[in-house]
Colleague: 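Just passing along the structure, written as C-alpha cells.
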Amino acid sequence: MTKIKVSIHGHEKRSYPTSTSASDILKDIAPQLFNEAVAVKVNGELRDRETLLMEDAEVEAVTAASHDGHDVLLHSTSHLMAQACKQLFPKVKVTIGPTIENRFYYDFDVDEPFTDEDLVKIEDRMKEIASEGLSIHRQELSRNDAMALFKKVGESYKVEILEDLSDDDTISAYSQGDFTDLCRGPHVPSTDFIKHFKLLNSAGAYWRGDENNKMLQRIYGTAFATKKQLKQYLNLLEEAKKRDHRKLGKELELFMYNPLSAGSPFFLPKGTIIYNELVSYIQELYLKYGYEEVISPQVFDNELWRKSGHWEHFREYMYNFELGGRDFGLKPMNCPAHTLIYSSDLRSYRDLPIRIADFGRLHRYEKAGVLSGLTRVRSFSQDDAHIFCSPDQIGTEINHLLEMVDEVYDVFDFGDKEITLSTRPEKAMGDETLWNHAETILKDTLEGSVTDFNIEEGEGAFYGPKIDFNVKDALGRLHQLATIQLDFTLPDRFDLTYVDEDGKEKRPVMIHRAILGSLERFFGVYLEHCAGDFPLWLAPVQVAVLSVSEKTADYAEKVGMELKNAGIRNEVDIRADKIGAKIRKTELSKTNVMLIVGEKEAEAGTVSLRRRFLGDIGSIKLTDIIIEMKDEINKKRRLKKSQK
RNA sequence: GCCACCGUAGCUCAGCUGGUAGAGCAGCUGAUUUGUAAUCAGCAGGUCGGGGGUUCGAAACCCUCCGGUGGCUCCA
C-alpha cells in the first residue's frame, strides 16, 4: 500500500495509507481539533472533513470560529432548513441557498408564502433533524446523472442550474437523511454540528433576481458555533433596531415624511441645523482644498439630457414634464450642468484643474418599493463636485482627494474603511490608452498612500474607472459613502477642450466625486453611527439651561441670552417642573450639555454643569464654560466612547 | 414595479371569533416652588390611512387606492 505524508499545521508530519480521510488524520494528530473542525483545508483548499487524501498534503482544521468555518456552518444550516422545509411542505421546490455576511438564505418555489408560524415550525423541525445527528455525505457525479437524479425528484430549478454547467465541471450533491441537494460544498460532517441557529425573516425574491422570473419565497436565518455568539449577533440586530435612523429621526424631531411626497424627507428645524452644519463643514473644506462652489438650474430642456446620455440610460429615473410645448427634465445629476459651466469660457491648461462643487437638489424617480428612510429617497443633494483636469493631473487630484476623504472620516469618527478600485468593464467606452493610463495612475496612487485596497476587475463604470470608499459604522456595518469616478465620455459628448502649452486644443478628463455622498443618506448613516448623540458642533440644541425653580427663571433667561450672544444654540426651560423631571426630559432628547441654575448659581453668577454620560460636574463660571464649549465646537471634538 | 406583513389620539400601543373606541406618555388648565433621569389633580384630544362593498350593525370581513416595513442572484 502506498503511503502519503501528511502534516497538520503546527504538528509533525506523519505517514498514512492513501485514501485516509482528513478526519482520521485529524483524530490521530490533533484530537482536540477534530472535535471542533467543521471542515478542513487541504493544501489551502476548503474541503469536507471526510475528504480522502490521495497524496502528500498539508491539512488545516477549519473551525466555526474562522470566517471560512462560519461560512460552512451557515451553508449547512441553509441545507438543514431546506430539508426541514421539504419535510413540512413536500410540494416546495428548492432553488439556491447561499451564505451572506453572518447569515444565510434559501429560496423556495412554493404556492403559499411562508407565514411567521411556518418559520417557527420549520425552525422546530430543524432542531429535531439537527439532534438526530444525520451524517452529511458528498457524492460526485456526472452532469447527466445529476440531471437524471434531480429530474426524477422534480427539482426543476436544480436541473436548470445543471443546464448552465459544463460537462467538465465537478458536480457534487450532498445528502443528509432523506434530503439530497445539488451543492458545491463543503459541509459540516453531520447535522448535530448545527446547534445554535435562528430563522430571521421571509421575503419574496425573484428567481435569479430577475423581475421577469417567478417570485420565490426566501427565508433568512443565521447560525453560530456557540450560543453566546448567536446571542451577541441577535443583540446586534436589536441594537440596530434601536438606533434605526427612522426611529431616532422621529424621536429627536429631525425629519418627517408625508405621503403627498413619498420618498422625499422634510427636514424639521432641528434636522435642518444638522444638515446645514454638514454643508458648511464641507464648504470650509472647499476653501481649503481649492473648490469653487456654484448653483446650477433645477430644470433643463431635455435636449441637455439627450446630449449627456441620461435620456438614453437614466430616463426611467427622471421626472419629466411638458410646458409651453417644450419637454423638461428635473436634474438627476449635476454633471451635465457643470460641463455647460466649463464650456462657457475658453479654458487654458493654466486654469486646470477646475474644481466645481454643487449642493444642487437632485430628483430621481426611484421605484416605490425601494424607498427607505433617508437612505433611499427621490429628492436629495450631494456634496458633489466635478474636477476638470488634464490626463497627467489625475494622480495629483486623486492624492488630494484621498487626503480630503481621510480628513472627513476622521472628523466623523469612521475608523475603518475599505477602499475598492473598479477597473475597465467589457462594455467600456472611451479611448483604451486613456483607460490604461488612468488605471495605472489610480493603482499607483492608492499603493502610495493607502495601506490596503481591493481591486474589482471589470466593475468600473462604462465611462471610467472608479474608487469607492466603504466605512464601518459603530455596529461594524459597512456603508458606501465616498466615490471618485473618472469620466472619459462626458468631455467628449460636450466637446470640452482646453488650450495646452503647445497651443493645441486638448480634451480634459472629468472626475466625479462626492465625499459624504448623498447628504440625506449620510445623515441617516451618521445618525445611526452616533446613535443620536451628536458631537457639540452638530447638536441642534447645544445647551439646555434648566432653572431649579421659578425663582431663578430670570437668571436662566439671562444665561440663555449670553449663550446666544456667544453663538451657542440653547433652549431655556423655566417651567414649573421639578429639576429631576427637566433633567430627565433633557437626557431623553440626548442634549449634550445641561446648565442647571438655582439660587446658589444665581447669587454667584455661575452655572452647575451636567454633561451627557458624565453626569453632574459641578459649578463653574459661565464665561469659562462658554470658552470651553466654543473650543469644543470649533475643533469639532466629539465625545469619546471611553468617556461614557 | 413584484411578494409578504403592517396603518387605531401628537408618540408608543391595547381593542378575543363583527355589537358603533381605550391606556400610558406628550398637550392644556390648576395646585405645588422644587437641587441632578418622571409632583399631584382635572380637562381636552380619534373621518380607526382614503374610497367602495358585505351586513340589521364594520376599527375588525371582502375589493381597491395611498403610505410604511422586510426583501427581490455577493452563484449549484
Side-chain angles (χ1 to χ4, degrees), chain A residues 71 75 78-79 82 94-101 103 105-107 110 112-116 118-119 143 146 150 155 157-165 169-174 181-185 200-220 241 244 246-247 250-251 253 256-263 316 365-373 456 459 546-553 574-589 594-601 608-612 614-619:
Chain A
D71 222 50
H75 197 183
S78 92
H79 272 222
V94 294
T95 67
I96 60 165
T99 63
I100 50 180
E101 185 74 22
R103 292 183 299 159
Y105 65 81
Y106 209 113
D107 287 348
V110 55
E112 290 285 309
F114 298 111
T115 63
D116 289 349
D118 291 339
L119 294 202
R143 200 165 77 105
F150 288 101
E155 295 291 4
Y157 291 88
K158 296 293 179 186
V159 176
E160 198 178 322
I161 289 161
L162 284 163
E163 279 164 359
D164 289 345
L165 297 177
D169 290 320
T170 306
I171 289 166
S172 56
Y174 281 78
D181 199 2
L182 178 71
C183 183
R184 188 156 47 192
L200 298 169
N201 56 317
S202 63
Y206 296 106
W207 168 234
R208 293 189 160 161
D210 184 340
E211 63 186 29
N212 298 313
N213 286 340
K214 184 164 184 190
M215 175 71 69
L216 307 172
Q217 294 303 320
R218 171 172 299 182
I219 302 178
Y220 286 90
K241 245 186 220 170
D244 186 313
R246 292 164 300 195
K247 185 169 178 279
K250 190 185 263 185
E251 284 170 4
E253 300 173 313
M256 57 165 262
Y257 302 90
N258 186 285
L260 294 176
S261 186
E316 58 171 323
Y365 189 77
E366 299 284 353
K367 289 185 201 172
V370 306
L371 298 175
S372 176
E456 292 198 353
E459 291 298 311
L546 313 179
S547 60
V548 173
S549 78
E550 283 182 72
K551 286 178 196 156
T552 52
I574 53 166
R575 295 177 315 160
D577 265 333
K578 291 175 79 166
I579 191 66
K582 293 186 188 181
I583 288 170
R584 180 180 151 78
K585 183 177 166 276
T586 313
E587 285 284 355
L588 290 175
S589 74
M594 284 180 227
L595 299 181
I596 292 155
V597 294
E599 292 183 272
K600 273 183 289 182
E601 287 78 18
S608 172
L609 174 64
R610 182 189 162 101
R611 287 206 71 156
R612 191 158 163 76
L614 298 174
D616 187 5
I617 289 172
S619 282

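Each chain gets a letter, A, B and so on, in the order its sequence line appears, and its residues count up from 1.
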Colleague: Nearest nucleotide by nearest heavy atom, which residue falls closer to the 5' end of RNA chain B, A:Ala576 or A:Tyr365?
Modeller: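 Per heavy-atom nearest nucleotide, the more 5' residue is A:Tyr365.
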Colleague: With A:Asp244, which residues qualify under side chain to side chain donor-acceptor pair (under 3.5 Å), at least two apart?
Modeller: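 Scan of A:Asp244 (side chain to side chain donor-acceptor pair (under 3.5 Å), adjacent residues dropped) gives A:Arg246.
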Colleague: With C1' as the reference atom in both, quote the distance from B:C43 to B:U20 in angstrom, rounded to an integer.
Modeller: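 Their C1' atoms lie roughly 25 Å apart.
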Colleague: Which residues satisfy the salt bridge (Lys or Arg N to Asp or Glu O under 4.0 Å) test with A:Lys367, sequence neighbours excluded?
Modeller: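 Partners of A:Lys367 under the salt bridge (Lys or Arg N to Asp or Glu O under 4.0 Å) test: A:Glu211.
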Colleague: When you look for runs of 3 or more Watson-Crick or G-U pairs in a row, both distances below 3.5 Å, which of them include RNA chain B?
Modeller: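 RNA chain B stems, ordered by first number: B:1-7 with B:66-72, B:10-13 with B:22-25, B:27-31 with B:39-43, B:49-53 with B:61-65.
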Colleague: For a quick check of understanding: with a heavy-atom distance under 4.0 Å over all strands, which category does A:Ser261 fall into, base, sugar-phosphate or nothing?
Modeller: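 Here A:Ser261 touches no strand at all.
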Colleague: A:Asp181: which residues meet the side chain to side chain donor-acceptor pair (under 3.5 Å) condition with it, sequence neighbours left out?
Modeller: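 For A:Asp181 the side chain to side chain donor-acceptor pair (under 3.5 Å) partners, ignoring immediate neighbours, are A:His79, A:Tyr106, A:Lys158.
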Colleague: Could you work out, with salt bridge (Lys or Arg N to Asp or Glu O under 4.0 Å) as the rule, every residue matching A:Lys578, not counting sequence neighbours?
Modeller: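 So A:Lys578 forms no salt bridge (Lys or Arg N to Asp or Glu O under 4.0 Å) with any residue.
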Colleague: Between A:Ala581 and A:Pro98, which has a closest nucleotide on RNA chain B that is more 5'?
Modeller: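 The residue closer to the strand's 5' end, by nearest nucleotide, is A:Ala581.
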Colleague: Does a side chain donor of either A:Ser261 or A:Asn258 reach within less than 3.5 Å of an acceptor in the other side chain?
Modeller: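 Absent: no donor and acceptor within the cut-off.
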Colleague: Among all residues two or more places apart in sequence or in another chain, which pass the side chain to side chain donor-acceptor pair (under 3.5 Å) test with A:Tyr257?
Modeller: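 For A:Tyr257, no residue satisfies side chain to side chain donor-acceptor pair (under 3.5 Å) once neighbours in sequence are set aside.
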Colleague: Residues in side chain to side chain donor-acceptor pair (under 3.5 Å) with A:Thr552, at least two apart?
Modeller: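 Counting only residues at least two positions away or on another chain, A:Thr552 forms no side chain to side chain donor-acceptor pair (under 3.5 Å).
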Colleague: Give the first and the last nucleotide of RNA chain B, reading 5' to 3', that has any atom under 4.0 Å from a heavy atom of chain A.
Modeller: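 In short, chain A contacts RNA chain B from B:G1 to B:A76.
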Colleague: Between B:G46 and B:A38, how far apart are the C1' atoms? Round to whole Å, please.
Modeller: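 So the two C1' atoms sit 27 Å from each other.
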Colleague: Can you name the residues that form a ring-ring contact (aromatic ring centres under 6.0 Å, His included) with A:Tyr157, not counting sequence neighbours?
Modeller: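 Applying ring-ring contact (aromatic ring centres under 6.0 Å, His included) to A:Tyr157 gives A:Trp207.
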